[in-house]
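Just so it is clear, the model here is predicted, and its values are computed rather than measured. Both counts, for ligands and for their atoms, begin at 1 and track the order of listing. Throughout, numbering of the chain's residues begins at 1 and tracks the sequence.
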Amino acid sequence: MGKASGFLEIERKAAAKRSVAARKNDYKEVEEPYNPVQTQEQATRCMDCGVPFCHNGCPLGNNIPEFNDAVYEKNWKLAFEILDSTNNFPEFTGRICPAPCESACVLGINKDPVAIEYIEKSIAEKAFEEGWVNTKTPKKRKEQKVAVVGSGPAGLAAAAQLNKAGYQVTVFERADQIGGLLRYGIPDFKLEKYVIDRRVTLLEKEGVIFRTGVNVGQDISTRKLQEDFDAVLLTIGSTIPRTLDVKGKDLDGVHFAMDYLTQQNKRVALEEGYEGLDLGKNHAGEKYKKDDIRATGKRVVVIGGGDTGSDCVGTANRQGAVHVTQIAYGVQPPLDRDASTPWPLYEHKLRTSTSHEEGCERLWGVNTKAFIGDEEGKLKAIQLVNVSWKFEKGKRTLIEHPETERIVEAELALLAIGFSQPQAEGLVDDLNLKLDPRGNIITEEYKTSQKGVFAAGDCKRGQSLVVWAIHEGREAARAIDLYLSGQTLLEAKEIGMIHAEFKA
Ligand SMILES: Cc1cc2nc3c(=O)[nH]c(=O)nc-3n(C[C@H](O)[C@H](O)[C@H](O)COP(=O)(O)OP(=O)(O)OC[C@H]3O[C@@H](n4cnc5c(N)ncnc54)[C@H](O)[C@@H]3O)c2cc1C
Ligand code: SF4
């Protein structure tokens with residue numbers, strides 16, 4: 001263990017942020033680069049508890065007290081080796097994980113929890129600086145080939161693990177670039193894209209083949225994929241957005257959040273041929289109404305109180321919106337941990353993101369009644385109403401308060417109310433996969449209803465988090481290894497199974 005009295009002497013200090021004035025002028029990461037002295041100080045706050053609840057709080061089972069201790073001892077290389085043994089991409093999670101581990105930190109019972117995510121990012125960045133993040137080329141290459149469809153965090157983690165186990169891995173991605181939502185959903189101010197490129201270059205050197213611009217089920221048939229590969233893993237994400245069935249939703253100026261965010265991420269990346277902004281179809285598969293979605297000079301209403309909505313807020317402010325309002329029909333969460341989520345659960349409480357700090361009016365208990373357009377079909381206002389919730393016999397009912405109905409002027413409305421399911425049209429339909437009532441792919445130990453076809457990540461578990469996608473990618477890789485070889489040496493999350501495990 002680190003310093004016995006560290007948690008009594010040192011206060012929590014996570015990543016420093018650039019000033020609001022500075023960061024609103026660009027799309028660079030909000031967080032300042034890590035500070036090694038600060039990271040060591042923060043690592044001393046870890047109490048190395050007999051039962052480290054943080055370890056269980058992390059979906060990857062990261063060995064948190066162990067890497068904290070190594071950082072305290074200034075043995076950064078060991079810290080990285082510990083982290084790397086459970087997490088393929090700590091440089092992603094160290095930046096954008098909501099850190100359920102911190103909600104489970106024992107210190108968090110009566111003090112601020114250890115700044116685990118910050119320590120994780122620091123270890124990852126130090127490792128890249130020092131050149132410790134090396135390729136993991138297998139000593140012996142197997143004959144068998146695995147196709148991974150979709151290059152989000154689940155697909156990338158699976159590809160990394162399968163490649164390490166010796167398989168010939170090809171990742172198919174329909175978008176122009178690798179990364180899934182890391183690339184086209186999450187804005188650069190949370191995750192700059194060189195972080196993805198740096199990792200993809202390593203994976204390519206290790207032997208993973210990437211084929212972008214290939215829509216499986218359209219550009220290449222699923223039958224061909226099954227013929228050419230010994231196993232197929234689907235990590236196609238949950239891409240169908242939930243929509244609002246209200247009057248005026250087809251007006252020019254009402255858009256899905258992902259269509260808006262994707263455009264801005266492409267602009268920041270100066271993607272070639274993007275100038276025309278003709279993206280063809282939007283994420284719901286409908287024909288695009290207008291090409292360019294921008295908040296510049298507009299009053300913006302973001303509908304949906306979650307992270308995607310918050311990313312829209314940050315983007316709209318950077319584009320020069322006149323005013324940004326974020327509305328949610330739920331009740332405002334409490335400022336502190338809600339009694340319904342006691343420690344060590346991931347706490348339900350009000351979260352203020354860096355985007356909210358940059359300027360945003362947040363309204364709770366507000367629903368959208370209609371979008372109102374001008375004579376040219378452009379959005380000019382939104383009709384809103386206050387709502388409350390009635391809980392009776394375990395059922396939640398939404399109650400509208402008609403006397404609160406009002407018209408709010410807005411030229412841009414962004415729908416950030418989540419995603420319902422993976423796209424069935426094409427790949428999923430062709431394979432005739434069994435789906436659950438929500439439209440997600442049903443699996444048993446990552447196996448779908450089709451022999452040799454596996455699924456992991458958001459397309460299987462529903463919309464979730466990057467850390468869960470990495471976890472699922474890793475576990476699916478183990479399942480495929482077992483399927484193809486009858487045994488596996490790939491690490492499992494469960495404690496005590498981190499080393500070798502053989503199964504017939
Ligand atoms: C705006 C936004 C912000 C978010 N912010 C955070 C955050 O801060 N922290 C966090 O932990 N999580 C965040 N999330 C959630 C997180 O990004 C997802 O849970 C995660 O990316 C899911 O990973 P995945 O690999 O399952 O799928 P995805 O990342 O969705 O990747 C799926 C990939 O499959 C490709 N694909 C689909 N069909 C085909 C096909 N037929 N052929 C070829 N390729 C195909 C898609 O193009 C895509 O690249 C955010 C989500 C959104 C939308
Ligand atoms: S991946 Fe997320 S939950 Fe796991 S240790 Fe890192 S910040 Fe915590």
Q: With heavy atoms under 4.0 Å as the rule, classify the contact between Tyr184 and ligand 1 as side chain, backbone, both or neither.
A: neither
**Q.** Worked check of side-chain contact (heavy atoms from CB on, under 4.5 Å) between Thr212 and Asp176
**A.** CA-CA 6 Å; Thr212 51; Asp176 303 335; 5.9 Å; no
Q | Whether Trp76 and Tyr34 hold their rings parallel, tilted or perpendicular, with breakpoints at 30° and 60° | A | tilted
Q) If we only count heavy atoms from C-beta on, is the Gln168 to Asp230 side-chain gap below 4.5 Å? A) no
Q.
I need the single residue from Lys193, Arg95, Lys17 that forms a salt bridge (Lys or Arg N to Asp or Glu O under 4.0 Å) with Glu29. Which is it?
A. Arg95
Q: May I ask you to check if ligand 1 and Cys97 share an N or O to N or O distance below 3.5 Å?
A: no
(Q) What I'd like to find out is whether the side chain of Gln450 reaches to under 4.5 Å of the side chain of Gln226, using heavy atoms alone. (A) yes
Q. Can you tell me how far SG of Cys54 sits from CD1 of Ile116, rounded to the nearest 0.5 angstrom?
A. 5.0 Å
(Q) Taking 4.0 angstrom as the limit and counting only heavy atoms of Phe419, give me the atoms of ligand 1 inside it, by number and element. (A) 53 (C)
Q: State the atoms of ligand 1, each with its element, that fall below the 4.0 Å cut-off from a heavy-atom position in Val466.
A: 10 (C), 11 (O), 12 (N), 16 (C), 17 (O)
**Q.** Closest approach of Leu465 to Asp458 (non-hydrogen atoms, all atoms of both residues)
**A.** N-OD1, 4.5 Å
Q: Considering only non-hydrogen protein atoms, determine which one is nearest to atom 34 (O) of ligand 1 and report residue, atom name and distance to 0.1 Å.
A: Gly150 CA, 3.2 Å
Q. In the protein, which heavy atom is nearest to atom 37 (C) of ligand 1, and how far is it?
A. Ile236 O, 3.3 Å
Q) What is the closest protein heavy atom to atom 6 (C) of ligand 1, and at what distance does it sit? A) Ile186 CD1, 3.7 Å
Q) Does Gly217 have a heavy atom less than 4.0 Å from any atom of ligand 1? A) no
Q) Between Tyr167 and Asp481, does any side-chain donor sit less than 3.5 Å from a side-chain acceptor? A) yes
Q) In terms of heavy-atom contacts, does CD of Glu204 have more than 12 from other residues, nucleotides or ligands at under 6.0 Å? A) yes
Q) Measuring from Glu66:CD to Leu83:CG, what's the distance to the nearest 0.5 Å? A) 11.5 Å
Q: Consider every N or O of Ser464 and every N or O of ligand 1, then say whether any pair is closer than 3.5 Å.
A: yes
Q | Close approach, Gly426 and ligand 1, non-hydrogen under 4.0 angstrom | A | no
Q: Salt-bridge test for Lys224 and Asp228: reply yes if a basic N is under 4.0 Å from a carboxylate O, no otherwise.
A: yes
Q. Which is closest to atom 20 (C) of ligand 1 by heavy-atom distance: Pro153, Gly213, Gly152?
A. Pro153
**Q.** Side chain, backbone, both or neither: the part of Leu261 lying under 4.0 Å from ligand 1 by heavy atom
**A.** side chain
(Q) Under a 4.0 angstrom heavy-atom cut-off, which atoms of ligand 1 come close to Leu427? (A) 41 (N)
**Q.** Nearest protein heavy atom with distance in Å, relative to atom 49 (O) of ligand 1
**A.** Glu173 OE1, 2.6 Å
**Q.** Neighbouring protein N, O or S atoms of atom 8 (Fe) of ligand 2 [cut-off: under 2.8 Å, no waters]
**A.** Cys101 SG
Q) Side chains of Arg318 and Phe189: closer than 4.5 Å at any heavy-atom pair? A) yes
Q: Take every heavy atom of Val149, measure it against each atom of ligand 1, and state whether any distance is under 4.0 Å.
A: yes
Q.
Could you check whether any side-chain N or O of Trp468 sits under 3.5 Å from a backbone N or O of Gln463, counting only pairs where one atom can act as donor and the other as acceptor?
A. no
**Q.** atom 9 (N) of ligand 1: the protein heavy-atom neighbour that sits closest, reported with distance to 0.1 Å
**A.** Ile96 O, 2.7 Å
**Q.** Atom indices of ligand 1, in the order listed, that fall short of 4.0 Å to a heavy atom of Val214
**A.** 42 (N), 43 (C)
(Q) Show the atoms of ligand 1 that are less than 4.0 angstrom away from any heavy atom in Gly237. (A) 27 (O), 30 (O), 32 (C)
Q | Distance-only N or O hit between ligand 1 and Leu181, under 3.5 Å | A | yes
**Q.** Closest non-hydrogen atom pair, Gln326 against Cys360
**A.** CB-SG, 3.8 Å
Q: Return yes or no for this condition: an N or O of Asn215 is under 3.5 Å from an N or O of ligand 1.
A: yes
Q.
Tell me whether the NZ or CZ atom of Arg199 lies within the 45° cone about the ring axis of Phe92 and under 6.0 Å from its centre.
A. no
Q: Heavy-atom distances under 4.0 Å are what count here, so tell me which part of Ala154 touches ligand 1: side chain, backbone, both or neither.
A: both
Q.
Show the atoms of ligand 1 that are less than 4.0 angstrom away from any heavy atom in Gly457.
A. 26 (O)
Q) Quick one: are Gln421 and Asn440 in side-chain contact, heavy atoms under 4.5 Å? A) yes
Q | Spatial distance of atom CZ (Phe210) from atom CG (Leu203) [nearest 0.5 Å] | A | 4.5 Å
Q) Nearest protein heavy atom to atom 44 (N) of ligand 1, by residue and atom, and its distance? A) Arg174 N, 3.1 Å
Q) Nearest to atom 3 (C) of ligand 1, what protein heavy atom do you find, and at what distance? A) Asp311 OD2, 3.1 Å
Q: Look up atom CZ in Arg23 and atom NZ in Lys28, then write down how far apart they are to the nearest 0.5 Å.
A: 15.5 Å
Q | Minimum-distance protein heavy atom relative to atom 18 (C) of ligand 1 | A | Asp458 OD2, 3.3 Å
(Q) Distance under 4.0 Å to a non-hydrogen atom of Lys190: what atoms of ligand 1 satisfy this? (A) 5 (N), 7 (C), 8 (O)
Q: For the residue pair Thr239 and Gln423, confirm or rule out a side-chain donor-acceptor distance under 3.5 Å.
A: no
Q: May I ask you to list the atoms of ligand 1 that are less than 4.0 angstrom from any heavy atom of Thr235?
A: 32 (C), 33 (C), 34 (O)
